[in-house]
Amino acid sequence: MKVARIALDVPIDELFDYICDDAGVRVGSLVVVPFGKRRIVGVAVELASSSKLPRERLRAVERSLPIAALPNSTMALAAFCSRYYRTPLGQVLLSLLPTALRRPGFAPAPPRWEFRLTAPGATIDPDTLPARASAARKLLACLKTQPFVDLHTARAVTGSAGRLLQRWQQDGWVERRAVVAEPERLLPDRMVAPELTAQQSQIVAQVSAGFGRYAAWLLHGVTGSGKTEIYLQLAAIAHARNLQTLVLVPEINLTPQLETRFRERFPGVEVVSLHSGLGEAERLARWTRARSGAAALVLGTRLAVFTPLPRLGLIVIDEEHDASYKQQEGLRYHARDVAIFLARESGVPIVLGSATPSLETTVNARSGRFGLLRLSSRPSAQPPRVRLIETAKHGAQTLAEPVIEQLRARLERKEQSLVFINRRGYAPVLLCSECGWMSQCPRCAARLTLHLGDGFLRCHYCGHQEKIATACPDCGNQDLRGIGQGTQRVEQALAAQLPGARILRVDSDTTRRKDSFLAMDRRIRGREVDVLVGTQMLAKGHHYPQLTLVVVLGADFGLFSSDFRAAERLFQQLMQVAGRAGRAESPGEVLVQTQFPAHPLYQALLHHDFDAFAEVILAERMRARFPPFVYQAVLRAEAVKEAAVFSFLRRAGREAASLASGMTVYEPVPAPMARLAGRYRGQLLVQSPKRVTLQRFLAQWHPRLKPGTSNAVRWALDVDPIEL
Ligand SMILES: [Zn+2]
Ligand SMILES: [Zn+2]
């Protein structure tokens, strides 16, 4: 009897035995199996000749999906994630596959082919063909003018294209490949790589000398110092050695820009990008190209880290500090940490790039676990001048007078400005000026946000919405005011102060529609916009050469948050947004409106001094015993009844205390959002100065966590949380 142990996407940390006598199953095979009354897809993890269960109780594998088995490297990566993040292996494996492969009915789409001349084929002159073979002449001429010709185009040239191409393939004149669903945007000329500075060359040499073995590097350089150029040159070296490069970026909107740069530099080389914005079929097609080794360069957001790459030679994580590398639900992995594991397992170098590295990475670089590559700014690109505008001196209006002056000056010079609003934990709400009532979500411990555009109050957490009240529900007062600086409010203030200015608001409300970001991006580049107003989204690597002024509002809110990481994030965000100003010949200016200009964070920002900032914050973290000096896990629980949440957490806490050695186990507390969508939420933090101690503890504790039978408590363990 042949038995396959199958991992299934069910919340049980077990493998399931199935008979697979004739299904051609191997380790890593995707198989369809009956499970209860359903048929589901699973992954074969082990093969055996017997089962603990009697034969009559075993069911059989129905079929293998018509797709190659997952390679050992992917199985190893999944096993690591399952162990480390305490998630059942089946849930890990299935969550890292393209959705199309999770369907029992999966059948691969037949490939569409496209053709090109081989080297011998290219030497043939159409004029040497017999004059009566006019179809062949025309088709050959067509093949000579284009890099690839698909069957559709070929048939438009001549009706006998199918027959001719088949014959020419046999003769070795043409070769074919499967068309990637979305045609590559082909670019006319090969871009010439710019001359590297001495520093850049040295970095490229240093990293590439270590190809073929594991090494982790922190590439620390400010915006505009040329990090992307280093990625490109390293990828070129990898490609020359027939190795694949994986480049991760934090945000889906950044992929088209980077993709274009890579395509320009590597014409004729297959570049695929993978992100959550792709349709199912498209994602599968690209994943398949990457996994077959056909794609030399794979760009993507965090999930791309799991793409099987048979010739992997180099990993790059751009903006490694970015919080979006951490998945906050399901498999709560951190793509940077998974990538480091992958690099080590695969024996390849990994480069973590940032202007403001995470403190975790900073500490690793200081201790020598990561190599440190410093990139100073290019002499041609001067860093922007930062000025702190003390709001107390300028009254409480949305935009202080010096800010308005500078905005007007930019408008006159026909330059662009960006007004950046730090909205984290902060949004405009409706306030009663009589009794102090504020618009509150009925289902969450959150305030409703004022959306003037369509006259609604919305909860940004659960999606609840209601019409803007015309009178205070508590006291009947009709003078209700919006307070706070949401993007819409700032947009209005700007319109009032800068008549005639073309203002564009860029936030998740205005870019929700697919492709709307690209449309906005084109308008900005086409100089159809004078002032941009936006949130986080605009702070990240978009380069607009005409942008010479950045104004930052609401930054102070990041200084006094209950989250100990808020200051780190604020500094990263400010450095990043400051980097948006004046990248071309004209140096930019950054104005930060604040009540606390003397704060060390702002002082470090004034001097673009990441090290000074890191020094202060690391000392604080060390004193308070916070990461990166300790390793944490947080148990999150939620239920409709508050008592259920806390009795579950208290029980978990007692279990923890009975096991703990070398662990600190804290008391259960309400989550920062103590109620969300009608459910109460609580959490329990455990930590240790040693990662291995924490891992050993979790391995014992996690299996004992069981909610009481009667109350519906949902819970999840978050290892290395980035938000508490
Ligand atoms: Zn809500
Ligand atoms: Zn009132």
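Quick caveat, the model's predicted, so the values are computed rather than measured. Counting convention: from 1, in listed order, for ligands and their atoms alike. Numbering of residues begins at 1 and proceeds along the displayed sequence.
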ask   = What residues, two or more places apart in sequence or in another chain, satisfy ring-ring contact (aromatic ring centres under 6.0 Å, His included) together with F613?
value = F571
ask   = Does a salt bridge link R651 with E655, judged by any charged N lying under 4.0 Å from a carboxylate O?
value = no
ask   = Counting distance only, does the side-chain N/O of Q465 pair as donor-acceptor with the main-chain N or O of F456 below 3.5 Å?
value = no
inquiry  = So that I can tick it off, tell me whether K326 and D720 are bridged by a salt bridge, with the cut-off set at under 4.0 angstrom between side-chain N and carboxylate O.
reply    = no
inquiry  = Check R565 with E360, please: is the shortest side-chain N to carboxylate O separation under 4.0 Å?
reply    = yes
query = Within a radius below 2.8 Å of the Zn ion (ligand 2), how many protein N, O or S atoms are present?
reply = 4
ask   = With F697, which residues qualify under ring-ring contact (aromatic ring centres under 6.0 Å, His included), at least two apart?
value = W701
ask   = Quick one: do the R302 and S324 side chains pair a donor with an acceptor below 3.5 Å?
value = no
message = What's the separation between atom CD in E329 and atom CG in D718, rounded to the nearest 0.5 Å?
response = 11.5 Å
request  = Report the protein N/O/S neighbours of the Zn ion (ligand 1) that fall below 2.8 Å; do not count waters.
outcome  = C441 SG, C444 SG, C459 SG, C462 SG
key: For S358, the option from E319, H321, E320 that meets side-chain hydrogen bond (donor to acceptor under 3.5 Å, both in side chains)   = E320
